[in-house]
There are 2 protein chains.
Amino acid sequence: MVPIYLLGILLRFGPQHGYQIKRTLAENVADFTSIKLPTIYYHLEKMEREGWVSAKRETEGTRPERTIFTITQKGREAFLDGLERQLALTYRPTFDADALFYFADHLDFSQIIRRLETYVTQMERSLAEIRRHQLAISADLPQDHRVCVGIIFSHHTLHYQAEKTWAQTTIKALLSGGNTDAQATDH
Amino acid sequence: MVPIYLLGILLRFGPQHGYQIKRTLAENVADFTSIKLPTIYYHLEKMEREGWVSAKRETEGTRPERTIFTITQKGREAFLDGLERQLALTYRPTFDADALFYFADHLDFSQIIRRLETYVTQMERSLAEIRRHQLAISADLPQDHRVCVGIIFSHHTLHYQAEKTWAQTTIKALLSGGNTDAQATDH
DNA sequence: CCCTCCATAGTCAGCGCTGACTATTTGCAT
DNA sequence: ATGCAAATAGTCAGCGCTGACTATGGAGGG
C-alpha cells in the first residue's frame, strides 16, 4: 500500500522530498492512512533502487540539503500496475476484541459492559468527526474526485456504524444471556 | 495479541508444544486469527525468557523430541494483565480500497464497477460461511462460552455486511455520479 | 541579543512477522 | 516391500515498520 500512496502523491503533486511527502499525506489522506516518516524514507530508498523514482540533492537558501524525488516512467508503470492489483478487493479482518471475548470467562462481565458503553460514545464521536472532515475536505475538490473521496468516507462510516451497532447489541446480549446475576456490585 | 492467544490456549487446554498449539488454534479460533507457526515459536521463546512459560524437552515413542510449554504463575498474571488492557477497545481501520479510490482517476470506472459486483457476491459467500462455522462450532460449547463466541461471530458478520452494503452503494454512486458516460466499451 | 520552542529533514537500531526451508515419521496405495 | 504424499516439529534469513534519536533553521518573547 505505501508505495502506491507515495507514487500517487508524486504523480499528483509533483516532485517532493520525504518530509514534504509526509506533509502532503497529512493534509490529504490523514483520514485513511497514517504512514510514518521512517516508512516513507524506507520506501523512497527502495523505489530508487528499483528505478521507480529518481533522487536529486538540492539546496534552497540557507536550509539544509534535501533529496527531491521524482517519479520515473518505470515508476508510473509500477504505480498503475499496483493500483490495478488493488482491484482484487479482499476483506478478512481480525479484531483485538475477538481475543477479549474468546477469553472473557477470565473477566468481569459488568466491567466489559461498562467499557462497551463508553465505546459506543467513542464510535459516535468518530462518526461525527468523519462527517466533519468529509465536509471540510470535499468542499474544494473537483466533482469527480469528490465522488471518489466520498466513497472512501462512506466506507469508513459504514464500518464505524457496524462497530457501534455491535457494541450496542453486545451490551444487550450480555445483560440478558450472560451471567449478569453475578453483578452484585455496590449500590 | 499473539501472546494473549498463546497464554490463553495454554491455560484452557493445558501444556502443549508449538506445533500442537498451532493445531489447537486452527481448531478453535481459525475464524478470528491466523497466527503462523514461526510466530508461535517466536513468542514462545520470548515468553520463556520473560518467565511466562516454562519449557520441558520430551520424547514420546519414536517421535522426534518436542518442547512442551507450560504456563507459569507469572504467565497467568501477564495473561490477565494483557486481557484487561484489551478492555480499552479501539478502532481505527485502514482499507486497501481507500488507495484504490483515492487514485481512481487513473482507472476505468466500468472496470471498478465490475470488480465491486464480484466483491458483493464474495461478501455474501463469506457471510454464509461465517454462519455455517458459527453453527458448527457453537453446537458443543457450554452456554456461557457460546454467548461469547456468538459475540465474536456477530462482530465479524456486521463488518462483512458493512462491506457488502458499501460495495452496493458504491456501484450505484459510480453509475449515477461517476463519469459513466465514458463507458463506450465494445457492444 | 539571547533563549527557548517549534518546524524542518532525516537516520538507525531493533521488533514482530512470515515465506521458504530442513528433516523425520506415518499412512496408505501399489 | 516400496514408493510417495501428508503430517509432524521446528528453524532461519530477511522484510516492513516505527520509536527514539540527531541536528539544524527560523520565530517570537523577554
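All values below were derived from every heavy atom in this structure, side-chain atoms included, with hydrogens, water molecules and symmetry-related copies excluded. Letters A, B, ... are given to chains in the order of the sequence lines, protein chains preceding strands, and every chain is numbered from 1.
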Intermediate values then yes/no, side chain to side chain donor-acceptor pair (under 3.5 Å), B/Glu163 and B/Tyr119
CA-CA 9 Å; B/Glu163 206 61 6; B/Tyr119 191 55; 2.7 Å; yes

| message | Tell me if the aromatic rings of B/Trp166 and A/Tyr160 count as close, with their centers under 6.0 Å from one another. | response | no

Practice item. Measure the acute angle between the ring planes of A/Phe153 and A/Phe32, then classify it against the limits of 30° and 60° as parallel, tilted or perpendicular. Key: perpendicular

Contacts of A/Arg66 meeting salt bridge (Lys or Arg N to Asp or Glu O under 4.0 Å) (sequence neighbours excluded), chain-then-number -> A/Glu58, A/Glu60

Applying salt bridge (Lys or Arg N to Asp or Glu O under 4.0 Å) to A/Glu48 and not counting sequence neighbours gives none

Its 5'-most and 3'-most nucleotides having an atom under 4.0 Å from a non-hydrogen atom of chain A, DNA chain D is contacted over D/dC15 to D/dG26

Those residues at least two apart in sequence (or on a different chain) that pass salt bridge (Lys or Arg N to Asp or Glu O under 4.0 Å) with A/Arg12 are B/Asp105

Q) Mind checking whether A/His159 and A/His155 have parallel, tilted or perpendicular rings, split at 30° and 60°? A) tilted

So ring-ring contact (aromatic ring centres under 6.0 Å, His included) across residues 42-64 of chain A, not counting sequence neighbours, yields none

For residues 84-97 of chain A, the salt bridge (Lys or Arg N to Asp or Glu O under 4.0 Å) pairs (sequence neighbours left out) are A/Asp81-A/Arg85

So, with a heavy-atom separation below 4.0 Å from DNA chain D, the residues of residues 81-91 of chain B are none

Under a 4.0 Å heavy-atom cutoff, the residues of residues 8-41 of chain A touching DNA chain D are A/Lys36, A/Pro38, A/Thr39

Applied to residues 18-39 of chain A, the salt bridge (Lys or Arg N to Asp or Glu O under 4.0 Å) test, sequence neighbours excluded, yields none

Residue set satisfying salt bridge (Lys or Arg N to Asp or Glu O under 4.0 Å) with A/Arg57, at least two apart, ordered chain then number -> A/Glu65

So which protein nitrogen or oxygen atoms get under 3.5 Å of nucleotides 24-26 of chain C's nitrogens or oxygens?
| unit_1 | atom_1 | unit_2 | atom_2 | d |
| --- | --- | --- | --- | --- |
| C/dT25 | O4' | B/Arg63 | NH2 | 3.0 |
| C/dT25 | O3' | B/Arg63 | NH2 | 3.4 |
| C/dT26 | OP1 | B/Thr62 | OG1 | 2.7 |
| C/dT26 | OP2 | B/Thr62 | OG1 | 3.4 |

The bend of the helix from C/dC1-D/dG30 to C/dT30-D/dA1, taken between the axes of its five terminal pairs at each end and rounded to 10°, is 10°

- Query: Passes side chain to side chain donor-acceptor pair (under 3.5 Å), A/Arg131 versus A/Gln134? Steps please.
  - Reply: CA-CA 5 Å; A/Arg131 216 166 308 142; A/Gln134 178 167 15; over 6 Å; no

